[in-house]
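See below for the structure under consideration.
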Amino acid sequence: MDRTKLVEVLRDHPFLQGMKAEHVARMADLAQEVQIGKDQMIFRQGDESGLFYLILSGKVALEASAPGRVLRVQTVGAGEELGWSSAMSEGGKNFQARVLEPVQALTFDGARLRQACQEDPVFGYQFLQKLLRVVVRRLQATRMQLLDLYAPVHGGSKLI
Amino acid sequence: MSVAAAVQPASVLPPPMTMARVASVVKETYDTFTLTLEPSGGEPLPGFAPGQFSMLYVFGVGELPISISGDPNESGRLYYTVRSVGKATHALVNLKPGQAVGVRGPFGTSWPVEAARGRDVLIVAGGIGLAPLRPAIHEVLRHRDDYVRLIVLYGARSPRDLLYRKQLAEWGRLADTQVLSTVDYGGVNWRGYVGVVTTLFRYVRLHPVGTTAMICGPEIMMRFVVREIEKRGIGRSQIYLSMERNMKCAVGFCGHCQLGPYFVCKDGPIFTYEQMRPWLEKHEL
């Protein structure tokens, strides 16, 4: 992908929507394009992966593995983000990410992202605000999952 | 002087019961079944509009309000998708072919399938909430050229809780039709989406002006879904919800299902979000 196309793709990605052109260009400086095949593991539990992903196409499942079983807790796809914690700090992964449909993505090294945020606080504020939106959205979705909304309700309601 | 007989308002007269018999009970999931009723004797079963419900009388057990889940254009039979969650529903889904059931209705308001002609139709369902929306989907598909896009977003607890899986797959293959299903928890064999139904909004593009939305599911889910729809610029008068309340008489007489100024059985169950907004987030209503 050439530089012009890369900037265009970044500008159109929902994560960067509304970001100033100079900040999109800064992201483009840090971006690496990757393609990952079906059933590949992007990272595993405990991995020290420091990459943040903007997914352009495909589908990835976040899973927790326990003895004898694997639980799929979330899927992310085109227009979404993966590995947001890498942009905040180093540390082992709590979940594993498995490719369900071939993925095309842009990756960003977490350490370089943090450095860019420190060097340019305006960019840093913009970037972290967008990252926070992702975290809030994920937190709300997790809370809704915890509510177990579809569990049977006993009572006299119209039983749908 | 003669005294005129008192005239009962039509709305409080319970409509007569039609006798039906069970044609079949088909298992949809481990706890949900689709009951097919056919006429018992000469009296035909009543027609219905998408989104309406019937009161089904299980003899010796009681009467239950259940949404009609079949194709409104299929005459002669009525379909009900029932989750077995208590004594009465358990009795209903355990009826055998040939056994009798009393049917009153149909009752209530319906999905705005006529008003949605010429527009995109967005269907958002959670859990067994897909059942009362299925007649609207049938109606749109039967008159496919009268509508623009059909988008179905469906969320369930787990893959084994998904209703009508074969039909969902068939609908998803049709032109100008997008069907996305997600589950709250999935195993490794599930290749679809995992996450709450609101996460599916990231994968669809909605026309702010030309879309009519129809939503049915748990009330909390509907509140979050409405927020997603409103964020995309769709007006409150174009968002329709099917409300659940404690229905007993189905004709607005007993008052069990009162919600603000409305009786859900008579004025609903389908309302615009414009109508429901003041009452949806009201504590203890």
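Here the structure is a predicted model, which means the values were calculated and not measured. Lettering of chains follows the sequences in order, A, B, ..., and the numbering in each one begins at 1. Atoms considered below: every heavy atom in the structure, side chains included; atoms not considered: hydrogens, waters and symmetry mates.
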Toward chain A, the part of B:Tyr185 with a non-hydrogen atom under 4.5 Å: both
Counting only heavy atoms closer than 4.5 Å, note whether A:Gln74 contacts chain B via side chain, backbone, both or neither. both
Quick check on A:Ala78 against chain B: is it the side chain, the backbone, both or neither that has a heavy atom closer than 4.5 Å? backbone
Hydrogens and angles aside, do B:Thr34 and B:Tyr80 bring a side-chain donor and acceptor to less than 3.5 Å of each other? no
Classify the ring geometry of A:Phe127 against A:Phe15: parallel below 30°, tilted from 30° to 60°, perpendicular beyond 60°. perpendicular
Nearest heavy-atom neighbours spanning A:Val70 and A:Ser65: CG2-CB, 4.1 Å
Treating B:Asp161 as the side-chain partner and B:Arg157 as the backbone partner, does any N or O pair qualify as donor plus acceptor under 3.5 Å? no
If I measure from the heavy atoms of chain B, does A:Leu62 come under 4.5 Å with its side chain, its backbone, both, or neither? neither
Between A:Arg137 and chain B, which part of the residue has a heavy atom less than 4.5 Å away: side chain, backbone, both or neither? side chain
Residue pair B:Ala136 / B:Met214: nearest heavy atoms and the distance that separates them: CB-SD, 4.2 Å
Heavy-atom pairs under 4.5 Å with chain A are the metric here; pick the option from B:Ser69, B:Gly195, B:Gly192 that has the most. B:Gly192
Side-chain donor-acceptor pair under 3.5 Å between A:Gln129 and A:Tyr125, yes or no? yes
Taking side chain as everything from C-beta outward and backbone as N, CA, C, O, which of these in A:Gln140 sits under 4.5 Å from a heavy atom of chain B? Side chain, backbone, both or neither. neither
